[in-house]
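Reading through the structure tokens given below for one structure.
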Amino acid sequence: MVGAVYKPSMNLFPKNGIRVKVDVTKATAEIDFGGYLTKAELVGELKRVSPYSPFEVLSQKGNYKVAIIPLPGGGTSFSKSKEWSKIQTNFQEKSRIGRSLEEDGTTELAFKETKLKLDRLLCVAENKGTANINSAETEKIEEELEEAKIRVTRHELTEQYNKLGILYNETANYQKSEEYYAKSLSIKQQILNPQSPELALIHSNLALLYRNTGKYIKAKEHFDKCLSIQKEVLDPKHPNLALTYNGLGELSVKLGDYKKAEEYQKKAVSILEVLHPKDPQLATSYSGLGVVYRSLGNYSRAEEYYKKCLDIRKEILGPNHPDLALVYNNLAVLYRSTGNYEKSEKCYEKCLNVQKEVLDPQSPLLALSYSGLGELCRRKGKHNEAEKYLNKALNIRQRVLDSKHPHLSSNYNNLGVLYRTTGNYTKAEEYFKKCLSIRQEVLHPKHPELALTYNNLASLYEKTKNYNKAEEYYQRCLAIREEVLDSKHPELATSYSGLGVLYEKLENYQEAEKYFIKALGIREEALGPKNPQLAASYNNLARLHRNMKNYTKAEEYLIKCLSIRQEVLHPKHPDLINSYNSLATLYEAMGNLGKLLEHSSKIRLTLT
């Protein structure tokens, strides 16, 4: 959402927005300004339109400037079969910024070329990946913008600063991205009304940057500023408000505040369902609710909302759109979580079929699918296939992403988890350290992803019986999570569980129980009563009490664990089989042969 419409009027938002008809074959557009049409040429190559690849349309009639932007939610493509898109536009009194560049003639050819180069790089980043972005090109654009400062209006300059911030965000140069967003914000604060929707946009961009780099407090601050402006100047049912609620919902998931996340996503849905029941942004909010319910372990509701998202995208985008593939990916992850590996695999296949049809073979989105399939194969015990898919993902990401991109670090992390699972601890440590090296360099020192890496290294050292190192890394992980996450965040429970397991192995049962109880308290309060993580806490306490020969207590916790797993997991899920096996082992220790036989037979039935 880079451009805006300027009109000498204090009426900020037209009720029906502006309609743009795009002729893909001729690269022209017809713009309907509420009653009359004007034609304009598209600047830039018309491919996939997203928040990262805007295409400007200049109208000669009325001296308006319009940007074709995606429907809220992003990822809208224009095609011959789908030529119409409604875009919401922001109006600001023209006198606030002086005459347009087209009117005063100050825009030189060189500056126009700089703008086009920047637009081209944004398109390349979106369509081909960031490895195709030459750092020398971006540096040259920076120099050209610096030279142009005295010859162009501040408004035109701040638009390019904003685009440069987007580009640097895409290439994972977060420091530069922040620098240019801040420059854009500083100028806009000088030339625009404090309640300008354009200021809200910059706050939104900064919020997304800080969310992605783990600076959640700063992210919340800028989302709140964005929301404050929008509430002041927008209609309560404006789709841009829904977009901000969606962003706040996603941030709240990161913070572990699932109730707040649900509240924000429902606000977004309530706006969008009234405006248009088939709006792509509504599909995005349905997907956001799916993420909330999956995080809470409410898998049936998560599936319901993912399928609502899928229905909308199928209808308006057609069967072969990248955004459709993302829904199949989300469903695949959901089914993988419940142990329904067959359904998960089918969804990954659908996802890949779409992506192979419409994406470049080196698209980062294909890498995401290969990575997901790798994790699925790991869980199924197909370790060779898992390695094959994870290396496919790695090869793509190494070609198209910057060597310090966070997605590349995720790939190293996944390979580390695989090698830890197969007992190849040397390779596991190698990949975890590669992951750590990137995350320490590009992420905030308190980023939760950095904490996750410490946690994985701790688990590895625990398996190799290097307990001192394991404790050191568990404590590093815990220090970050206790500082930046809510006191009831489930990831805190994960840290407490890890320390509990470590102290259990060291036979420090009192300390182990203390941490297991802490983890249980969080999960009982923050997650649903049928969440698999809650079942894992019951399982940990059961094992601890069995080791302490407190069999009655162990049985109580194992039955609680089994009850959840029987309800939410697939009948052949390894965790469910493990519960039957644990009960059988416990009853054998207790000398209860009847119950031993009962649970042994359940294991046999499950495995057949």
Side-chain angles (χ1 to χ4, degrees), residues 172 174-175 177-178 182 203 206-225 247-261 264 291-292 295-296 404 406 409-410 413 416 432-433 435-462 467-503 511-512 514-527 533 536-537 540:
Y174 299 126
Q175 187 175 350
S177 178
E178 182 180 12
H203 285 305
L206 278 164
L208 293 171
L209 170 68
Y210 290 134
R211 187 187 71 190
N212 293 339
T213 54
K215 299 176 183 178
Y216 295 150
I217 304 303
K218 278 193 169 185
K220 181 68 164 61
E221 175 188 326
H222 283 281
F223 269 133
D224 285 343
K225 285 180 179 179
L248 279 162
E250 291 177 358
L251 177 64
S252 297
V253 168
K254 298 279 188 185
L255 290 166
D257 192 345
Y258 298 128
K259 289 180 181 176
K260 202 70 181 173
Y264 282 128
V291 171
V292 172
S295 302
L296 287 167
K404 298 297 181 183
S409 73
S410 296
N413 179 75
F432 283 143
K433 285 191 171 178
C435 171
L436 181 64
S437 173
I438 294 174
R439 288 177 174 173
Q440 283 179 325
E441 185 169 336
V442 303
L443 298 181
H444 187 264
K446 301 297 182 182
H447 196 292
E449 291 296 320
L450 198 56
L452 176 63
T453 312
Y454 291 143
N455 188 80
N456 284 337
L457 277 164
S459 175
L460 174 67
Y461 292 133
E462 180 192 310
Y467 295 132
N468 288 335
K469 265 197 167 183
E471 184 175 20
E472 175 195 338
Y473 278 99
Y474 274 134
Q475 292 292 356
R476 281 191 191 185
C477 172
L478 182 61
I480 293 174
R481 287 173 172 171
E482 284 186 328
E483 184 171 336
V484 303
L485 301 179
D486 184 84
S487 61
K488 297 300 178 184
H489 196 292
E491 286 185 12
L492 261 179
T494 302
S495 286
Y496 293 142
S497 288
L499 280 163
V501 170
L502 175 64
Y503 291 128
E511 197 72 3
K514 180 184 82 173
Y515 280 108
F516 284 149
I517 291 293
K518 276 188 172 186
L520 178 64
I522 291 174
R523 288 169 174 170
E524 284 181 328
E525 186 169 338
L527 304 176
Q533 290 185 53
S537 276
N540 286 339

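By convention here, the first residue in the shown sequence is residue 1. The structure presented is a predicted model; accordingly, all values stated were derived computationally and were not measured.
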Closest non-hydrogen atoms of G416 and F432, given as atom of the first, atom of the second and distance, are C-CZ, 3.4 Å

Output side-chain donor-acceptor pairs under 3.5 Å for residues 247-259, partner residues at least two apart or in another chain, one line each.
from : atom 1 : to   : atom 2 : distance (Å)
E250 : OE1    : R211 : NH1    : 2.9
E250 : OE1    : R211 : NH2    : 3.3
S252 : OG     : L248 : O      : 2.9
D257 : OD1    : K260 : N      : 3.2

Exercise. Taking the side chain as C-beta and beyond, is there a heavy-atom pair between Q475 and L478 under 4.5 Å?
Worked result: yes

With sequence neighbours left out, the residues meeting salt bridge (Lys or Arg N to Asp or Glu O under 4.0 Å) with E462 are K505

Y461 meets the ring-ring contact (aromatic ring centres under 6.0 Å, His included) criterion, sequence neighbours left out, with Y473

Note to self: Tell me whether the rings of Y216 and H447 are parallel (<30°), tilted (30 to 60°) or perpendicular (>60°).
What the structure shows: tilted

Nearest heavy-atom approach of P406 to Y174 is CG-OH, 3.2 Å

Is it the case that the side chain of S295 and the backbone of V291 share a donor-acceptor pair, with hydrogens and angles ignored and the cut-off at 3.5 Å? yes

Quick one, E178 and K218 - any side-chain contact, counting heavy atoms below 4.5 Å?
yes

For E482, the salt bridge (Lys or Arg N to Asp or Glu O under 4.0 Å) test, sequence neighbours excluded, returns none

- Message: If only side-chain N and O atoms count, and only distance matters, is there a donor-acceptor pair under 3.5 Å linking Y503 with E471?
- Response: yes

Applying salt bridge (Lys or Arg N to Asp or Glu O under 4.0 Å) to K220 and not counting sequence neighbours gives D224

Rounding to 0.5 Å, atoms SG (C435) and CG (N456) come to a distance of 7.5 Å

Residues Y496 and I522: closest non-hydrogen pair is CE1-CD1, 3.7 Å

Exercise for review: Give a yes or no on whether the backbone of L208 and the side-chain of N212 come within a donor-acceptor separation of less than 3.5 Å.
Suggested key: yes

For K469, the salt bridge (Lys or Arg N to Asp or Glu O under 4.0 Å) test, sequence neighbours excluded, returns none

Heavy-atom nearest pair, V442 first then K404, reads CG1-O, 3.4 Å

CD1 (I480) and CD (E449) are apart, to the nearest 0.5 Å, by 11.0 Å

Distance col, row Y515:OH vs N540:CG, nearest 0.5 angstrom, shows 15.0 Å

Does the side chain to side chain contact (heavy atoms under 4.5 Å, CB included) test come out yes or no for E491 and N455, once each step is laid out?
-> CA-CA 10 Å; E491 286 185 12; N455 188 80; over 6 Å; no

OG (S537) and CG (L520) are apart, to the nearest 0.5 Å, by 5.0 Å

Between the CD atom in Q533 and the CG atom in L296, the distance rounded to the nearest 0.5 Å is 10.0 Å

Derivation and outcome, side chain to side chain contact (heavy atoms under 4.5 Å, CB included), residues R523 and S497: CA-CA 11 Å; R523 288 169 174 170; S497 288; 3.4 Å; yes

### Query
Looking at Y210, is K215 sitting on its ring face, NZ or CZ under 6.0 Å from the six-membered ring centre and within 45 degrees of the normal?
no

Full working for salt bridge (Lys or Arg N to Asp or Glu O under 4.0 Å) between E511 and K514
CA-CA 5 Å; E511 197 72 3; K514 180 184 82 173; 2.9 Å; yes

Here the gap from N413 atom CG to L452 atom CG, rounded to the nearest 0.5 Å, amounts to 5.5 Å

